[in-house]
Each structure stands twice: as structure tokens, then as C-alpha cells.
Amino acid sequence: MFSKTPDCQCASQASGLILYTDPVIDFSQTVKQQADIVKVIEGYIRLRKAGAQNYTGLCPFHKEKSPSFSVHAVRQFYHCFGCQASGDVFSFVAKIENVGFPEAVRIVAGKCGIPLPKREFSSPEEAAGARQRAKLLELHETATAWFEEQMRGPEGAVAREYLAGRGLTPEGIRAFRIGYAPDSFNALRDRLSGMADNETLRASGLFSSKEQGNGSLGPIYDRFRKRVTFPICNESGRVIAFTARTLETGEKAGAKYINSPETPLYSKSLVLFNLNKARTAIRQMEFALLVEGQMDCISVYLRGIQNVIATSGTAFTEQQVAILKRHTSQVVVNFDPDAAGSNAAEKSIALLTEEGFNIKIVTLDGGLDPDRYIRERGVEAYTAALRGARRQADYLIERARLAFPGASSEQKVKAMNFLLPHIRRMPEKLARDQFAHDAAQKLGIDSAVLREELRQAALRRRDHIETRATALTEVERVLLRALAIDDPENERARGLAARALAEQPAWFEHLSVFAALQALSLRQARDPMEVVDDEAQRALLAETLLAETRPPEESEVQSAIQEIHERAIVRRQRELRELIAEAERRGDFAELAVLTQQKLDLDRALRQLHNQRPPER
């Protein structure tokens, strides 16, 4: 809030009533009279003159190909004939910057070079804090300019060589104000010592000091030495902190990256790197591209993809999610492909999901991070990778399949328990139900019991399903009994089951007793109960054999194998439908033709199997 100074109060004695104007409104009128709406709006979008007083351009508030956005230079208003957005210079800035009226007035005043009225503080401590923050901003701006100067000087040659090797041009270095901190303990301290007292310099985070024997802090010295410096800005574009990369190698190098500590200006959980530059592009593109590292962000931005922001290698936080939601509700996540990056992506997805974001995930080929991928393969390849970003559900289900391979019910339950915490976070019931349906289909969960349990867990927002013994199907009982046969008279039934398992093991992998079936098929003359090592599997075998009244006939075994074969075909049909849909989304018609032919072949094979079934009695 702006202060109430005497010269911004107006009084009227009419009818004995005294009226005082709001200081914000009064100051806003001064700003509005001096502001040129055309110049302010041209700072955000391109305008073209269309007559003596009008300008037109593409509306920044909705997607359009033909300009329907008009600005009247004399009457100082804008209007979009497409989305009906309309107003004055303040409402434009408030809408595009997603801020309130007082902040919009401040932004317009800053663009017009109009000094703000002095603030009124509630206490001396608040006033002192504001003065300190102003001084810290000044120190960081001076430090940034000084680091840039060192980058251009003789000592910065090694830094320039390093950045050139990372694909950065001099123009890119200037755009991000990248600098160089020389190999000195006091060069920056000497530069800034005349601007602030020692306490303020300590508070800036630009310096370090060592604790003395008596517990006091020793003299300050430069925190960043022989490092490339990357300024971190707030949303207004003011420098508030630095990340610095070492140029040393070996034991002397220290940490690869070091960051400014928490200061009155900087809290890492409240800042998204490059948001000050990316805000406009995020609104225009209607989504944000979230990467992990600052070099990833810089490389992508300088190649024309300007809606990119970074977490600066730190864990994504709830506060950062809230900041991002002011600008968009759609995010494409492209973290590094290593284990740490995958884990960070999962945590980021979890936070974004809880806030109702629409999320897609990019996984780059070759295990490359965004910086290296775009340098080696070009911006066209990277843009294509962004277009192929997978839905959140598809990405997480694939992660579950890789983490818990195999078709046993135990592995299915583990995969489901991996997914349920993510499903639980979805605010919308319909979205949770759809995710559970997709998971059941893509994980190949044939059991109606497991499918329903997953669905109910998703709808009720549970994050865990208990692993418990599954009731055996009749097919599983027949196969266990066949492979446990000892009587030579029924050896043909046993041999039929053993050959099918040896020749087509993939048909049987989804069965809960797959491990027991494998052990029994290789047991030779040993007792059936001795060859099954797993306690749970042995219990299922015991239950089956105790209930047996006779060995299964050869026809029963053949029928069981045929049903297993049919189920395998149905599972593959389901997989092919998913692959066909994915190929259609990508426009890969060659792949689509191959997959479609495979599905037709499976359809034909399934019909033939159905025709081979013996007639029901």
C-alpha cells in the first residue's frame, strides 16, 4: 500500500462533508495521465498501426491467428473483439502479469519512470528491513555488473572458453548476464565495501566467513571464486542471488555448483529460475516447460523455446507450484533421465497433481539432458520430443512396469501400490477412475478382483493395496494337478502341460502360480511338494492337491492350455490397441500399418481357437 502524504489528499467542504481520496487511486491517476498505453502494451506484444489513432495485434489473452486486439491511442483503452477483454493500461498489466491493481500501478509507474510515493511503515523494524532489502538489491546489481565486467576481461578468458564449449554465444551470455568471479578472496569485497556496512555485506550472501575460536565470525571473504556466475532473478527481473559453477578440476574444485544462501532477498523454495523472462511466453503458449538445471533452461530458451523455467537443481516445492499456478495450469516436465532426475520428476508430478495441473512428461532419447540434447540434435528434434510428451498416466504406468517386471499377481500389486499415491493426489474423481482403468489395462491385470480393488482404492483415495493370497482359478488348479502327476498312466496329460510351459512360457507368466508351475515342470522324479520353494506357492499347491479326487484328463489339460493361449492373445490385442493409438497420435503411418496387420493376424488366430473348442454338453 502507498502512503497517505499531505499533497495526495483532497478535501471538499460541500455540505460540511470532508472527503479524502484514496492515495493509490490518486497516484494512479497521475500515472495514467503520463502513461502511453500503446508503448506499455508494445512491451508485451507486437502492435501494427491501423489508422490515425488505432493499433492492432494478436491478443495475448487467447489464441488467434488473425489480429482482433485493438488499442486506441487517444482514448487510452484496449479491446479484443475475439475474447471481449477490455480496459485501460492498468487492467491490461494486471491481467497479463496476473497481479492486483496496486501492483499494476507500480509496474506501469516503473515503465514510465515515475517515482513511487514513499511507503508508510508500521514500525521502525519494518522500515529498517525495507531499507536493508533495497540496499541488498543494489549490492546484487553492482555485483552482477562487476561479474560481467570480469567475464569480458583477460581473467574471464577461461570462462568464455568454457561457455563457448557449452554452445553459448556472446549474445546469450549478455542476455542472461552470466559473469565470472575471479580467483580472489577479496576482489568483490573491495568493490562493494564502500556501498554498505559490514553487517549488510554479511547479510547479502555474497561473502563467507569462518567461525573463530571464541565463537565469533571472522572477516568476510568472497564466496564465489574462479567460477562462472549465473544471476537468479525475482519475477520483476531484479537479481537476488547467484549460482556459480567451478572452473577448477580435481581436489581443488570443491562443489561443482554452489548457490547463494538464504537471505532477506532470496529463499530458494520461492524462486523459479527464468520465470521473469518466461512469463509472457508461458501465457502465450498456455503451458510451462519445467527443466531441472539452469544450463538446461538457458540452452532451451536461447534456441527460441522461451516458456521454459527451471527448479535450479533443487527439490520442487509447494510454494513454487503456487507461484507457477498464477501463470498456467499446464506443465511439461523434462528432467534429467538418470535415477535422481526420475525421482525428482515423480516428486514434482505429485505436487503438481495435487494442485490440479495438467501434466505431460518428456523422456529424451540416449539418456541426454535437455542442454546436451538440443546442442547435439538441434531445436527441431527437441521440439518434436516436446510434441511427443506423454501423459502423466502413461509415464507413471511405464515407470511401474519397469520397476516391477513380471506378470505374477504379487508384481501387479507392487506396481499398483507404486501408482496409487499418485492417483490419490488427483482432485477429480473421474480422473482417478480413468487413471485406474488405464493402469489395469496397461499392466495387464486380468483378474476382475484385482481390477475392482484398484478401482475402489483409486476412488477412495487409498495409497496401498494389501498383498494377499489370491484364490486360484480352475485353469490354475488343472495345471498344478497335471504337473504333479506321478502315475505313468496319466503321463501324457503331464507331458502336455510341461511342453506347453516350456515352449510358450510367456502365456503363463501372468498366473499367480507361475513359479510353482515352472518348478513342477522340471521336478523329474522328486516329490511335488519338495520342489516348490516359495512358502505361499507351496500352500496353494497343497490346497489344490488336498482337494483333488482324481488326476486331470488329457482333454481337461488341453482345454486349460487353450484358455491360457486365448488369454495371451487378448492381452497382446490390448497392447496393440494402445500402440496403434500412440502411432496415430504421432502420425507414424508406417508403424501404424505394421501394428494393424499384427492385430488382424491375432484376430484371425483367436477366431480359429474359438472354433476349435469342443461343443458344450
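Starting from 1, each residue takes its place in the sequence as its number. Just the heavy atoms: all of them, side chains too, but no hydrogens, waters or symmetry mates, feed the values below.
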Subject >> Evaluation steps, side chain to side chain contact (heavy atoms under 4.5 Å, CB included), between Ile349 and Tyr395 >> reply: CA-CA 10 Å; Ile349 290 168; Tyr395 171 80; 3.9 Å; yes
**OP:** For Glu235 and Arg326, run side chain to side chain contact (heavy atoms under 4.5 Å, CB included): C-alpha distance rounded to whole Å, both residues' side-chain angles, the deciding distance at 0.1 Å, then the answer.
**Re:** CA-CA 12 Å; Glu235 283 193 59; Arg326 297 207 307 261; 2.3 Å; yes
Subject >> Step-by-step side chain to side chain contact (heavy atoms under 4.5 Å, CB included) determination, Ile232 to Gln294 >> reply: CA-CA 10 Å; Ile232 299 171; Gln294 291 164 340; 3.8 Å; yes
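Checked by atom type and distance alone, the side chain of Lys442 never pairs as donor or acceptor with a backbone atom of Ala393 at under 3.5 Å. Counting only distance, with no hydrogens or angles, the side chain of Asp296 and the backbone of Asp371 share a donor-acceptor pair below 3.5 Å. A donor-acceptor pair under 3.5 Å links the side-chain atoms of Gln320 to the main chain of Val271, judged by distance alone. Side-chain N or O atoms of Thr263 include one that pairs as donor or acceptor with a backbone N or O of Leu265 at under 3.5 Å. Between the side chain of Ser91 and the backbone N or O of Asp88 there is at least one donor-acceptor pair closer than 3.5 Å. Side chain of Gln76 to main chain of Ile37: a donor-acceptor pair is present (N/O by atom type, distance under 3.5 Å, no hydrogens or angles). Put simply, the side chain of Arg574 never gets that close to the backbone of Val570: no donor and acceptor are under 3.5 Å apart.
At least one side-chain heavy atom of Leu351 sits under 4.5 Å from a side-chain heavy atom of Glu318. At least one side-chain heavy atom of Leu592 sits under 4.5 Å from a side-chain heavy atom of Ile580.
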List, one per line, each side-chain donor-acceptor pair under 3.5 Å for residues 384-392, sequence neighbours excluded.
from: Arg390; atom 1: NH2; to: Thr363; atom 2: OG1; distance (Å): 3.2
from: Arg391; atom 1: NE; to: Asp394; atom 2: OD2; distance (Å): 3.3
from: Arg391; atom 1: NH2; to: Asp394; atom 2: OD1; distance (Å): 3.1
from: Arg391; atom 1: NH2; to: Asp438; atom 2: OD2; distance (Å): 3.1
from: Gln392; atom 1: NE2; to: Thr353; atom 2: OG1; distance (Å): 2.8

Identify all side-chain donor-acceptor contacts of residues 40-47 below 3.5 Å with residues at least two apart in sequence or on another chain.
from: Tyr44; atom 1: OH; to: Glu97; atom 2: OE2; distance (Å): 2.8

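Within 6.0 Å of the CD atom in Glu171, the count of heavy atoms belonging to other residues, nucleotides or ligands exceeds 12. The local environment of CZ in Arg372 is sparse, with at most 12 non-hydrogen atoms from other residues, nucleotides or ligands closer than 6.0 Å. Environment of CG in Leu430: sparse, with no more than 12 heavy atoms of neighbouring residues, nucleotides or ligands closer than 6.0 Å. Other residues, nucleotides and ligands contribute over 12 non-hydrogen atoms within 6.0 Å of the CZ atom of Arg303.
Expressed to the nearest 0.5 Å, how far CZ of Phe147 lies from CG of Leu206 amounts to 6.5 Å. Note: Ile298 CD1 to Arg166 CZ = 9.5 Å, rounded to the nearest 0.5 Å.
The pair Asp433-Lys429 does not count as a salt bridge, with every side-chain nitrogen at least 4.0 angstrom from each carboxylate oxygen.
Of the listed residues (Tyr382, Phe273, Phe176), just one forms a ring-ring contact (aromatic ring centres under 6.0 Å, His included) with Tyr301, and that residue is Phe176.
For Phe224 and Phe230, the distance between ring centers is not under 6.0 angstrom.
Relative ring orientation between His422 and Phe418 is described as tilted, the plane-to-plane angle lying within the 30° to 60° band. Below 30°, between 30° and 60°, or above 60°: for Tyr78 and Phe92 the angle between ring planes is above 60°, a perpendicular geometry.
The minimum heavy-atom distance between Pro264 and Gln132, with the atom names listed, is CG-OE1, 3.6 Å. The minimum heavy-atom distance between Ser269 and Thr317, with the atom names listed, is O-OG1, 2.8 Å.
In terms of the side chain to side chain donor-acceptor pair (under 3.5 Å) criterion, Tyr373 has no residue partners (sequence neighbours excluded).
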